[in-house]
Amino acid sequence: MACRGSGVQIPLAPRMNKNVNDEREHAAYDFAYVQEKWLPIWDQVQPFKSGRADDTREKKYVLDMFPYPSGDLHMGHAEAYALGDVIARYWVQKGFNVMHPIAWDAFGLPAENAAIKRNSDPRIWTYENIAVQKASMRRFACSFDWDRVFNTCDPEYYKWNQWLFLKLHERGLAYRKDSAVNWCPGCQTVLANEQVVAGLCERCDSAVTKKKLNQWYFKITDYADRLLDDMAQLEGKWPEKVLMMQRNWIGRSTGANVSFVIEGRTEPVTIYTTRPDTLYGATFMVVAADSELAAELVVGTGVETEFNSYLEKIKADSDIDRLATDRPKSGVFLNRYAINPVNGAKLPIWVSDYVLADYGTGAIMAVPAHDQRDLDFAKAFALPVVVVVETGEEDPNTSGVATTGDGKLVNSGALNGLNKADAIAAINSQLEKDGLGKSARNYRLRDWLVSRQRYWGTPIPIIHCSSCGEVPVPADQLPLTLPDAKGLDLKPKGTSPLGAATDWVNVACPKCGAASKRDTDTMDTFVDSSWYYLRYPSSTVHDQPFLKKDIETWLPVDQYVGGVTHAILHLLYSRFFTKVLNDMGMVNFNEPFTRLLNQGMVVMDGSAMSKSRGNLVALSDELEKHGVDAIRLSMVFAGPPEDDVDWSDVSPSGSVKFLTRAWRLSGDVTSAPGADFSKGDVSLRKVTHKALNDAGFAVESFRFNVAVARVMELVNATRKAIDSGCGGSDPAVREAVEAIAIMISLVAPFTAEEMWERLGHKPAVALAGWPAVDPKLLVADSVEAVIQINGKIKERIDVSPTITDAELEALALAHPTIVAELGTNAPKKVIARAPKLVNIVA
RNA sequence: GCCUCGGUACUCCAACGGUAGAGAGGGCAGUCUCAAACACUGCACAGUGUCGGUUCAAAUCCGACUCGGGGCACCA
């Protein structure tokens, strides 16, 4: 009845881009106008400014992963920032001093590649894109504290990358070594292990090859145990999936190092095994073909030619070839023997590429009966297979399947009869006693290769002097800025473009003054992002990377939000940096991110959006069509935040409809601001308080979509109350609509602000405060109880929430339906669970 | 191959071992309108992957299978 009229009569603000005279245009509110209206006002009010000197609120640090400025924001950004905003805005409403900062991860290859294409400077492209993204974020109403912005390509920022590099260098955690490194022929640079995905470059998908180079590394392996063990702190706070991936990546294994005497060599060779219990089953030894040990062992054997051609062959193989599952085993027999320390057996020594040079000691004892790879090798070269663990499975000799389970040891001297665990303990202590070995650990994790042969990154602050060696650039000369890109050929060619900047490269040694050269490589950009979260609280400080006092105030990050693509790389590196800084006494915690939320991706028709697939949805188009609030709402409501959002399943127009319904409510409230809610209609008040309670709980448990559903229910209930219930003048209606505005402000800030104004309040609704939930309004007057017979529901009755088991049981047994069902049979047993259920076992 | 997460209505999502629901969506009807659209109101819509176990009671716990997603992948 009055519903429609009252909505229409509220005078609309003048429209900016619609026909004012179009009377038939319904009172659907004009999102474009509302967006333009509030942005400048928010710029003044600054509701999200954090860390004011007089702020006494408890702190909360909500962090979104910072963007790479590759162009304008896309759908993925929209989702990520919409979700981060829900959390940040919620904590603001709950009365916290929230720091929700943003910056730009601005070094990296795309800028450099764009510069090459346009024959210009990567700086130009980068800063242009940053300006575009920044403007888009403001329009998207991100609740960022804009006073803390920085870019990692600013010398004021990367100065501290260099400073940190030198600190790591001082501590022996940054070092150079010759090694076979991952080489991307597309990007013409080396890659960290973490950047090789299934044998391909994570950036350009080229097949990664190996190259022997001298490169800089960070010694992350020194922290392997701590990176693993400290995950106990994150249990239940980070997605289990991410923890699992990190554990997997670090890949700690326990076993033993065992010495084998080599005929004709004075030094024994140590091998690493996780199954020392199977030592008696070793029938040959395999050495990694590309290891130094192999090169040494082959000398004088007469098989050098064969060995060398084998080495050539495997070098040509890319990682992709190596990953093929059905790859046949290959190798060369070295004509030499090792002696099994426990039984004196002569073990032929082979080289093969299935043993990795950089894991363990690069040499293994082969136990073909109990290791599939060894068995495959033994079969390929007709080597003996000796079973030493009776597992009850078929003999590997005949089945071709190695047995890896537990069982009784056989053919193993003193170990006979023991099970696996006891045998490992026994042999380990025996080996240790005899000085032949000891228990050991190994990790899949390798040191972090940080050198890059590209221009657009942080220059490595080292000077190479022929007499002094690696000399750090003195701290007072930092930042060591990049040379001008002008005149440099940035095209990838396998060595750093910085090498061509001769004025820059040639420098006097800071120690002895001799003519020396700067290191021409730049740092992996993951160095930049490994500590940026520490910079926000002190982003305007220029004589230190961050202030201790600021760190103690704000860190660690309470809530981190970002994509699961960084589950290993960025998160592992950041955890590593934090631990190093903790050891340096610079931070007082050892895990940087207390809680982590990984949002899913935005996909289209089930697959990732991409130009080539032709399923790209432009964020700007969607915003133009439906408005910022509707897109944000659609993202949040589409499902649990961890799940992918399939844009073909969401309905932005449905979001617009809902927002309009909510907004229209604010025009139907006729009571004055400050009305006494306690005098309001109790049934609506109960709905309001339940919604506030449930939505708050849902937000805190990351079920934002459920929170939105609760608000939708409240909107519907309020609509009903206005039209056919207590009416718009009832204070309960004001209470409900104000609660809706506040709850909606987490997702749809423009609509919420507009509602808030129409309700007679001043901006900003973001600071209105989450209304206190009255527990008295959360109890229902009556609840529905079910009566079951043998677990099947027969009746439903309304009962008081305080009914006792006995009363409920009596009611149930007296119910006509139940009496009829039971007939003359007496129930065997009655289970009452007041006030919700009675089950009669008949 | 190994590890891991999941399978509920047309779709996307909910349900302390105890009533399978809410919201969205699409459909139909009514109100309003000259009419339509919008809006409002009402209605209908249909479901726990398979098999077994535990239990008074299983979507929920356990086991097997199956299907789908993700991760790791010659790490000894």
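All heavy atoms count here, side chains included; hydrogens, waters and symmetry mates do not. Note on naming: letters A, B, ... go to the chains in the order of the sequence lines (proteins, then strands), and numbering restarts at 1 for each one.
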Whole angstroms only, please: what is the [atom1]-[atom2] distance between [X] and [N]?
| X | N | atom1 | atom2 | value |
| --- | --- | --- | --- | --- |
| A:Phe697 | B:C16 | CZ | P | 10 Å |
| A:Arg446 | B:C72 | CZ | C1' | 13 Å |
| A:Leu659 | B:C38 | CG | C1' | 16 Å |
| A:Asp668 | B:C40 | CG | P | 11 Å |
| A:Tyr443 | B:A76 | OH | P | 13 Å |
| A:Asp643 | B:G70 | CG | P | 13 Å |
| A:Glu642 | B:C13 | CD | P | 11 Å |
| A:Asp644 | B:G70 | CG | P | 9 Å |

| remark: Contact string for nucleotides 18-27 of chain B, one letter per nucleotide 5' to 3', B = base within protein heavy-atom range under 4.0 Å, S = sugar-phosphate only, - = neither, reads BBS-SSSS--
| Partner set under side chain to side chain donor-acceptor pair (under 3.5 Å) for A:Ser253, not counting sequence neighbours |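 Scan of A:Ser253 (side chain to side chain donor-acceptor pair (under 3.5 Å), adjacent residues dropped) gives A:Tyr272, A:Tyr359.
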Any donor-acceptor N or O pair under 3.5 Å, side chains [X], [Y]:
| X | Y | result |
| --- | --- | --- |
| A:Thr751 | A:Asp629 | yes |
| A:Thr403 | A:Glu393 | no |
| A:Tyr354 | A:Asp376 | no |
| A:Tyr443 | A:Thr221 | no |
| A:Trp238 | A:Gln246 | no |

| query | How about A:Lys438: does its NZ atom have over 12 heavy atoms from other parts shown lying under 6.0 Å from it? | reply |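 No, the 6.0 Å shell around NZ holds no more than 12 heavy atoms from other groups.
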| If you count the non-hydrogen atoms of other residues, nucleotides and ligands that lie under 6.0 Å from NZ in A:Lys379, is the total more than 12? |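 Enclosed: over 12 neighbouring heavy atoms sit under 6.0 Å from NZ of A:Lys379.
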Just to confirm, is there a sub-4.0 Å distance from OP1 or OP2 of [N] to any side-chain nitrogen or oxygen of [X]?
| X | N | answer |
| --- | --- | --- |
| A:Tyr359 | B:A76 | yes |
| A:Arg444 | B:A76 | no |
| A:Ser352 | B:C74 | no |

Strictly below 4.0 Å, N to O, side chains only: are [X] and [Y] in salt-bridge contact?
| X | Y | result |
| --- | --- | --- |
| A:Arg275 | A:Asp371 | no |
| A:Asp668 | A:Arg664 | no |
| A:Arg441 | A:Asp225 | yes |

[atom1] spacing across the pair [N] / [M], given as an integer number of angstrom:
| N | M | atom1 | result |
| --- | --- | --- | --- |
| B:G23 | B:A29 | P | 23 Å |
| B:A64 | B:U54 | C1' | 15 Å |
| B:A9 | B:A59 | C1' | 14 Å |
| B:U19 | B:A57 | C1' | 13 Å |
| B:A46 | B:A22 | C1' | 16 Å |
| B:U48 | B:A14 | C1' | 13 Å |
| B:G69 | B:G26 | P | 29 Å |
| B:C45 | B:A35 | P | 31 Å |

| said: Is it the case that the ring center of A:Phe704 lies less than 6.0 angstrom away from the ring center of A:Phe637? | reply: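 Here the rings of A:Phe704 and A:Phe637 have centres that are no less than 6.0 Å from each other.
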Taking only N/O atoms, report every protein-nucleotides 45-54 of chain B pair under 3.5 Å with atom names and distance.
none

| Of the nucleotides B:U41, B:C13, B:C74, which one has an atom closest to the side chain of A:Asp353? |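 Given the options B:U41, B:C13, B:C74, the side chain of A:Asp353 is closest to B:C74.
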| Which of the following nucleotides, B:C56, B:A76, B:C72, is nearest to the side chain of A:Trp249? |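 The answer is B:C72.
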| Touch class at under 4.0 angstrom, heavy-atom based, for A:Lys794 against every strand present |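 Answer is nothing: A:Lys794 stays at 4.0 Å or more from every strand.
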| Please walk me through it: do A:Glu235 and A:Arg247 pass salt bridge (charged side-chain N to carboxylate O under 4.0 Å, His left out)? | CA-CA 12 Å; A:Glu235 208 68 60; A:Arg247 272 189 208 105; 3.0 Å; yes
Show me the side-chain donor-acceptor pairs of residues 784-791 of chain A shorter than 3.5 Å, one per line, residues at least two apart or across chains.
from, atom 1, to, atom 2, distance (Å)
A:Asn790, OD1, A:Ala842, N, 3.0

| query | Any donor-acceptor pair under 3.5 Å between the side chain of A:Lys828 and the base of B:C56? | reply |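 Absent.
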Please list, for nucleotides 3-10 of chain B, all pairs of protein and nucleotide N/O atoms separated by less than 3.5 Å.
none

| Counting a pair only when it is Watson-Crick or G-U and both distances are under 3.5 Å, which runs of at least 3 such pairs involve RNA chain B? |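 As far as RNA chain B goes, consecutive pairing (with distances under 3.5 Å) yields the stems B:1-7 with B:66-72, B:27-31 with B:39-43, B:49-53 with B:61-65.
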| Checking A:Lys329 against A:Phe381: charged group under 6.0 Å from the ring centre and within 45 degrees of the axis? |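 No - A:Lys329 does not lie over the ring of A:Phe381 by the 6.0 Å and 45° rule.
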| Steps toward side-chain hydrogen bond (donor to acceptor under 3.5 Å, both in side chains) verdict (A:Ser701, A:Arg703) | CA-CA 6 Å; A:Ser701 39; A:Arg703 286 146 61 233; 3.1 Å; yes
| query | In terms of the nearest nucleotide of RNA chain B, which residue is placed more toward the 5' end: A:Ile840 or A:Met245? | reply |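 Per heavy-atom nearest nucleotide, the more 5' residue is A:Ile840.
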